Amino acid sequence: MLWKSRIAAALCCLAALSSPLGAAWAAQEQDQAAAAGAGSRAEWYVGEDHFWKMGTYIEIKAFSKNPDEIAGFIRTAEALVEKYDDMLSVHKKSPLKAVNDNAGGWVEVPEEAAMLAEKSVEVGALTEGAFDPTIGPVVNLWKIGFGGDRVPSDEEIAAQLAKVDSSKIEIKRENGAVFMKIAEGQQLDLGGIAKGYIGDRIAEALKAAGCEKAIINLGGNVNVVGSSYSGGAWKVGVRRPDHGEEMTWLAVVDMQDESVVTSGSYERYFEKDGRRYGHIISPATGRPVELDIASVSLVSAGKGAETDALGTAFFVMGWDASVEFLRRHREYKALLLSKDMKRLLATENLRGKVVVSDPEIKLEFLR
Ligand code: AMP
Ligand code: MG
C-alpha cells in the first residue's frame, strides 16, 4: 500500500509503526526535529509501505520534495526486501534453504549469501562462539516464535546441539561462481544477522536512487537515510520492552545515515511453568538464554550485519561479558538495558546523542 500526503499528516503515523511485532525501536519524529533550520517539514512529501515479510513487520518511509519520485523509492525498497527474502529465507525455496536441504554437498549461492555466512563466522569468533550461524537445528527444535510451546528433553537438545559447529561451513569461489557446503545434519540460520545487512542495503540503494530522506524499519531494526527536516539528526525512540503494544519511549537517540539494531528476547517467546523462553539460544547449552539483559541496541553507519549479530551475541554473553566486550572494543556504539530496566548503559561515543525519556531509568556511560 502506498499513500502520499503532506508530511505533517503523514508523520502522525510514525508512532504506530512498530507496534505489531513489539519491536524495541521505532523512528519517531519530534517537534524539535522540525525546528526552523535548513528545511521545513511542509516541503516534504512522504510515501509509506508496511507489510509482513521475513517473519517480521516491515515499514518503509521515503521522503521527497518531488511527490512523483516517491513511488519509485518505495518500489526500490520493496524490491530489495523481496530479493533478500528470496535469497535468505529458510522457510521457502531459496539458495540458503538449498544449502540446508543438501547439507553435506556443495550448493551454488549468491556471493552475498556466502559473504553473510562468512561475516557470521567472524562475529562468532569475535564473541567466542556466542553467535553461531549453525544454531539452526537447535532453533528448529525449540521453534520459539514459530509455534513452539514445549521444553525439549535433554536428549533431544544434546542430539541437535552436536550438529552446531560453524567451523564446518565451507565456501569456495570458482570461475566467478560461489559454492557453500555445510556438514550433514547442519542447518544454517542467518536470522540473527540478515536484517541488519538488508537494512543497510536498502538505505544504500535509496541514497543511490537520489532519495535524501528515508526511514526503514525491519522489525525494530531501523535505518535512517539522511538528516531530519531541520538538517539535524533523526530522533529514533527506543521502546520500553515491557510495555507491550504501548508506545512508551525509554530513550531517544540522534541518528543520521545510520542504523540501530536491537535484540530482545521479549520479541518472540513462549511461557511455560512461569518461565519465559526467548528466541535467542545459547550455543553452549542449546537452551534459550537466561534473560540478564532486557534489550541491546547497537548504532552504526554501514555495519548493520556485524552489529545485528553482535546484539544477538550480547544476549548470549549476558550483561557482564557484554560490558567487558564493549570496554575492549571501543568502536561500537551500544545501549544495554538492564534486566530490571533501571539502568541504561551507553557507550561513551553516544554521549550527547541519547536522551532518556523515562524518569525511572538512569542513563550511565561506560567507563
Ligand atoms: P535477533 O532478533 O537479531 O536477536 O536474532 C534472533 C534470531 O537469531 C533467532 O530467531 C534465531 O533465528 C537466531 N539465533 C538464535 N540464537 C542464536 C545464536 N546464538 N547465534 C546466532 N543466531 C542465533
Ligand atoms: Mg541480531
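Each ligand, and each atom within it, is numbered from 1 in the order the structure gives. Computed from a prediction, not measured in an experiment: that's the story for all the values here.
Residue Val355 shares its hydrophobic cluster (ILVMFWY side chains chained together at separations under 4.5 Å) with no other residue.
Atom CD of Glu290 and atom OH of Tyr277 lie 8.5 Å apart (nearest 0.5 Å).
Contact atoms of ligand 1 toward Ala130: 18 (C), 19 (N), 20 (N) (distance under 4.0 Å to a heavy atom of the residue). The Ser263 neighbourhood of ligand 1 comprises atoms 1 (P), 3 (O), 4 (O), with distances under 4.0 Å to a heavy atom of that residue. Atoms of ligand 1 found under 4.0 Å from any heavy atom of Val316 (numbered from 1 in listed order, with element): 19 (N).
Applying the side chain to side chain contact (heavy atoms under 4.5 Å, CB included) criterion to Glu156, with sequence neighbours excluded, gives Leu141, Arg150, Pro152, Ser153. For the ring-ring contact (aromatic ring centres under 6.0 Å, His included) test, residues two or more places apart in sequence or in another chain that qualify with Tyr197 are Tyr84.
When side chains are defined from C-beta on, Ile215 does not count as touching Val225, because their heavy atoms never get closer than 4.5 Å.
Counting only protein N, O or S atoms, 4 lie closer than 2.8 Å to the Mg ion (ligand 2).
Geometrically, ligand 1 and Ser282 share no nitrogen or oxygen pair separated by less than 3.5 Å. Considering both main-chain and side-chain atoms, Gly192 comes within under 3.5 Å of ligand 1 through a nitrogen or oxygen pair. For a threshold of 3.5 Å applied to N or O pairs, the pair formed by His279 and ligand 1 contains at least one separation below that value.
Taking the charged nitrogens against the carboxylate oxygens, Lys353 and Glu258 have no contact shorter than 4.0 Å, which rules out a salt bridge. Under the 4.0 Å criterion applied to side-chain N and carboxylate O atoms, Arg330 and Glu348 are not assigned as salt-bridge partners.
Using cut-offs of 30° and 60° for the angle between ring planes, the Phe325 and His329 rings count as parallel. Classification of the Tyr229-Trp234 ring pair by plane angle, with boundaries at 30° and 60°, yields perpendicular.
No donor-acceptor contact under 3.5 angstrom links the side chains of Asn66 and Ser64, judged on distance only.
Taking a 4.0 Å cut-off on heavy atoms, Pro283 registers as neighbouring ligand 1.
By the criterion of a heavy-atom distance under 4.0 Å, the side chain of Ile135, and not its backbone, is placed next to ligand 1.
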